[in-house]
Amino acid sequence: MTTPLPTIIRTRRDAIIDRFVGELRRRSSIAREMPKPLLINALPSFLDEVATSLENGAPTSGSEDTAREHGEARWETGFDLDGMVREYGVLRRAILREIHDAGVTPKLSDLEALFERVDAGIAKAVSEHTRLQLEALETERKRTELERSRTAALLTQAPAPLCLLKGADLVFQLANPLFCQVVGRDDLVGKPLIEAVPELRGQALQTQLEAVMASGKPSVANELPVRIAHWTGEMVERLYNVLCKPVRDVNGALEGVLVTAFDVTDQIEARRKAERLALELQQSVAQRLRAEQALRVNEERFRKALRGSPVMVFNQDRNLRYTWMHNAFGKSEREVLGKTDAEVLEDPEAARTLERIKREVLASGVGQRREIALHAGGRAQHLDLSIEPLTDDGGEIVGITCTAADITERKSIEQALRASEARFRTVQEASPDGFMILRSVRDASGSIADFEWVYVNPATGPIVGGRGKDLEGKRLSQEMPGSALAGAFATYTRVVETGEAARVEIACAHEGAPQIFRAIAVALGDGVGISFHDITEQKRSEAERAQLLDQEQRARQHAEQLNRLKDEFLATVSHELRTPLQSILGWARILRTGDVDAESLDRGLVTIERNAKAQSQLIEDVLDASTIIAGKLQLRTDPVDVRQVLATALDLVRPAALAKGVSVNAWVVDDVGIFLGDADRLQQIVWNLLTNAVKFTPSGGHVRVGARRVDALLEVEVEDDGEGIPKSFLPFLFERFRQADGGMTRAHGGLGLGLAIVRHLAEAQGGTVHADSEGDGKGARFRVRLPIRAEAQPAAASPQRRSSDAPTGSARRVLEGIRVLVVDDETDARELLGIIFVRAGAIVREAASASAAIEALRAGEFDVLVSDIGMPGEDGYAMIRRLRAMGPEVPASGIPALALTAYTRMEDRRQAIASGFQMHLAKPIEPNSLVTAVAHLVGRGGSRGSWP
């Protein structure tokens, strides 16, 4: 029989409590020191209430009250929330262990009900604990605020300067009126110390405050000097006894510092003054004794020295009558002694001035030094006069003593110098060239450490950043450190020390405009005079001349290179066109004799056909290059089957490869997808690269071509193991007319246009082409990358630009009964076309001009019109437009028309279609291709594919 949980809790309550107490003491240091009754608290009641609640099937309010009382008790004993949560976890485990020891396996629902009530108790206990904690914090906060309010009131009324600073930045929280008065500011609160009183930065007070904030210990500084900026801008230093006390928050954390300052400047100065006076008094007694003795000695020496001195010395009493004199105004003692200045001097104005100055000295006891001019006998005498009070032994002023030196000559020299300086300034102020004078500033060792401006004329502005007279009296290194002017310091020093003039160029930028000056420095006493001449335009002209010369040389070299390339290209074109022409003309003349066997006849025709195709290819490359150079290359954008393009290009090149003994293999990665682009141009790229690879691969070699998808790019790669490319030629590989072997002894033919055309066709489609080679004899790899642009479903193959070189056998008679009108002004071309169409079963009529063709169309019935474009009188465009405009009056006006012309550009094709032709084909063309095209025009295309 299963024992109910309430019964187990009641019967094993003491065991649960003992297990709870033991486990809790092991886990909590607070519980270890707590008596068991206090540790148990209301646990017995709580367990009884939980058991009762389980029996009744619902929680009781009594257990909530018990849990609340438990939370209050734990708050009072110092348990924190984590301890209470751990405590309830211990209780859970104690109950579970007792259930296990009783051998009872309770239902999950009973356990959930049990722990639901225990969790409810946890929630109530924690809520009560938290409520009490919040109430305590609120009580403490209010007490702290009250104390702070009282403290603030006391600090505001304190008789000494006080302030409260908080945080690492020492932000003002409080500053009483006396402190605001000390610093001369009343907007301190809320500002950091250094922001509010910036002059305290680096002073001992800041260091003391930061030390208190760092250590948390109080600090006292006596007689601390503090410099504060007066409202006039003057720095005033006072001495303070400063007490710094750390301030902590309710948690004991350091939050600021309370500063009390007592101004002790006056007391310190009074004490120092008293000490100084005592020392001075002691020294004065001894000095007076020595002075009296020295005075007697010096008086005798003074008298002896004055006997040959030009200096005037005299004494006057308080009534300003002369009592003693030496060399007074060039007069004898009889003429001077006992008299006043008004009686001695011939200049009344000077006498009144002297009397006024001397009476000021008698009244104030302070000596004066003046310069005065005496006018007598039509000339002026300038005196440097020093007047000092004369005292008796008791310190009472009894008269004056005067010393006067004749400075008339010096004044004359100074006046001349001023006049000279005035002339100098007038010239320099108006000068367009800059000029300045720098005085040497020497250090203790006598070496020049700096220069000081003495004079700066207006034209010097750009050199000194737009400044001028404000620089006079200032140091070069302080005002313009790092400037070009200061950079010539060593030159100025050498000029002063050696006396030799020096020239230097100085570059500067004034108001955004760079300027260059040629400076000439000359020694002027213990300084240097520097004149500046603006050579900016001269330098600019020299630079422009040099640049133009360089450009002209480069242009000439480029022109010479282009001219050389042109000559080489023309020679190559001549060679490449004449070489197959020689074979064509030679075999044509041999065949015309009729004296040839069947084998020679076949070989001759094959040779003529091969060389004619070579000439056609050369002409086509030249036209492609011309189209690219003129910027008229037109591209189509259609879905392209890359596999078919590679297969077609491979078919075109395979006969030449087989003839040379070179194997050509192709590969295509399966997921290459559909490429959106111009199928003709893509095939032309691959064909040119394959042709180039076969040309430069010896017999027995291998050529590989493949395509893959790389991210959003189509990558076509052509690789061979042929002759390779010299490293020096790789940078020029894709330039027009450039060939690694371009001389008369070159081993391979061609115009040097194929790779240039490949590059332009790739770039025109947003792609790139790159070539790699390890050097001569190590083969080459060409990689073309084109953007795929979009995915598309496989589409029908685009028409291919190149016609097949494979033999096609005799033309089928697909034009049986078709009436063809052939229009061409060239007899040979017209006859050839007639033969081709007749062999295909057609009925042919020929016309040698546009007007003849119109007349033939008016008179007869035809199924198709094949016409040249370039004809004398009226070209093919005008003819077809005239024919289409005839309308129903001429039944043949709607005849299908094919333009067969040597004008092969894309714009030529567009113009032909726009004029009224249904098809445009380029000369020369394979007979079978021509017959097939005409068959398509008249609806006999069969299964050979559709034409564009």
Side-chain angles (χ1 to χ4, degrees), residues 230 232 234 236 269 273 276-277 280-281 283-285 287-288 290-292 294-296 298-303 305-307 309-415 417-418 473:
H230 193 260
T232 61
E234 178 186 4
V236 178
E269 288 184 353
K273 185 175 181 181
R276 187 170 57 253
L277 289 175
E280 290 176 354
L281 181 60
Q283 293 174 345
S284 66
V285 173
Q287 288 177 353
R288 183 169 183 178
R290 290 193 298 271
E292 290 178 351
L295 182 60
R296 289 190 293 269
N298 288 337
E299 185 176 352
E300 183 59 30
R301 291 176 180 172
F302 179 67
R303 287 182 178 274
L306 286 179
R307 290 173 187 167
S309 172
V311 176
M312 293 184 288
V313 183
F314 49 85
N315 293 342
Q316 290 177 279
D317 59 17
R318 291 191 63 86
N319 295 322
L320 297 181
R321 293 186 177 275
Y322 288 91
T323 58
W324 178 82
M325 57 158 283
H326 167 72
N327 196 21
F329 309 111
K331 298 180 181 295
S332 64
E333 291 184 351
R334 183 177 59 81
E335 295 175 297
V336 174
L337 294 180
K339 296 181 180 179
T340 63
D341 289 322
E343 297 170 330
V344 173
L345 300 179
E346 300 176 16
D347 187 344
E349 182 63 29
R352 285 192 294 272
T353 301
L354 281 174
E355 181 179 0
R356 178 177 54 78
I357 296 171
K358 292 174 182 178
R359 291 200 179 278
E360 289 177 359
V361 172
L362 288 174
S364 65
V366 179
Q368 294 189 27
R369 183 174 180 179
R370 297 290 185 88
E371 288 185 8
I372 190 169
L374 301 178
H375 297 274
R379 60 183 295 271
Q381 180 184 19
H382 295 271
L383 298 177
D384 181 4
L385 189 66
S386 178
I387 305 171
E388 296 293 336
L390 188 63
T391 59
D392 58 12
D393 294 341
E396 184 178 352
I397 298 176
V398 295
I400 59 171
T401 180
C402 301
T403 303
D406 192 338
I407 57 172
T408 304
E409 184 177 357
R410 191 187 79 186
K411 282 291 184 181
S412 177
I413 294 173
E414 288 177 353
Q415 184 176 3
L417 286 174
R418 283 194 296 272

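The first residue in the sequence is number 1, and the count goes up from there.
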Given Leu383, Leu385, Thr403, Asp406, the one that forms side-chain contact (heavy atoms from CB on, under 4.5 Å) with Met312: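 Going through Leu383, Leu385, Thr403, Asp406 one by one, the side-chain contact (heavy atoms from CB on, under 4.5 Å) with Met312 is satisfied by Leu383 alone.
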
Please report the interatomic distance [atom1]([X]) to [atom2]([Y]), rounded to the nearest 0.5 Å.
X: Glu355; Y: Lys358; atom1: CD; atom2: NZ; result: 9.0 Å
X: Arg359; Y: Ile387; atom1: CZ; atom2: CD1; result: 12.5 Å
X: His375; Y: Glu346; atom1: NE2; atom2: CD; result: 12.5 Å
X: Tyr322; Y: Ile400; atom1: OH; atom2: CD1; result: 8.0 Å
X: Glu371; Y: Ile407; atom1: CD; atom2: CD1; result: 3.5 Å
X: Arg410; Y: His382; atom1: CZ; atom2: NE2; result: 10.5 Å

Donor-acceptor contact present, side-chain Arg370 to main-chain Asp384, <3.5 Å: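 No.
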
Atom CD of Glu396 with >12 non-hydrogen neighbours under 6.0 angstrom: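 Open.
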
Arg334, CZ atom: more than 12 neighbouring heavy atoms under 6.0 Å: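 No.
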
Work out which heavy atom in [X] is nearest to a heavy atom in [Y]; give both atom names and the distance.
X: Leu320; Y: Gln316; answer: O-NE2, 2.9 Å
X: Gly367; Y: Glu388; answer: CA-OE1, 3.5 Å
X: Ala350; Y: Leu374; answer: CB-CD2, 3.4 Å

Asp341/Arg352 ion pair, N-O < 4.0 Å: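 No, this pair does not count.
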
Would you check if [X] and [Y] make a side-chain contact, meaning some heavy-atom pair closer than 4.5 Å?
X: Leu362; Y: Ile397; value: yes
X: Glu343; Y: Arg321; value: yes
X: Leu354; Y: Ile372; value: yes

Exercise: do Thr401 and Asn315 side chains pair donor with acceptor under 3.5 Å: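 Side-chain D/A pair, Thr401 to Asn315: present.
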
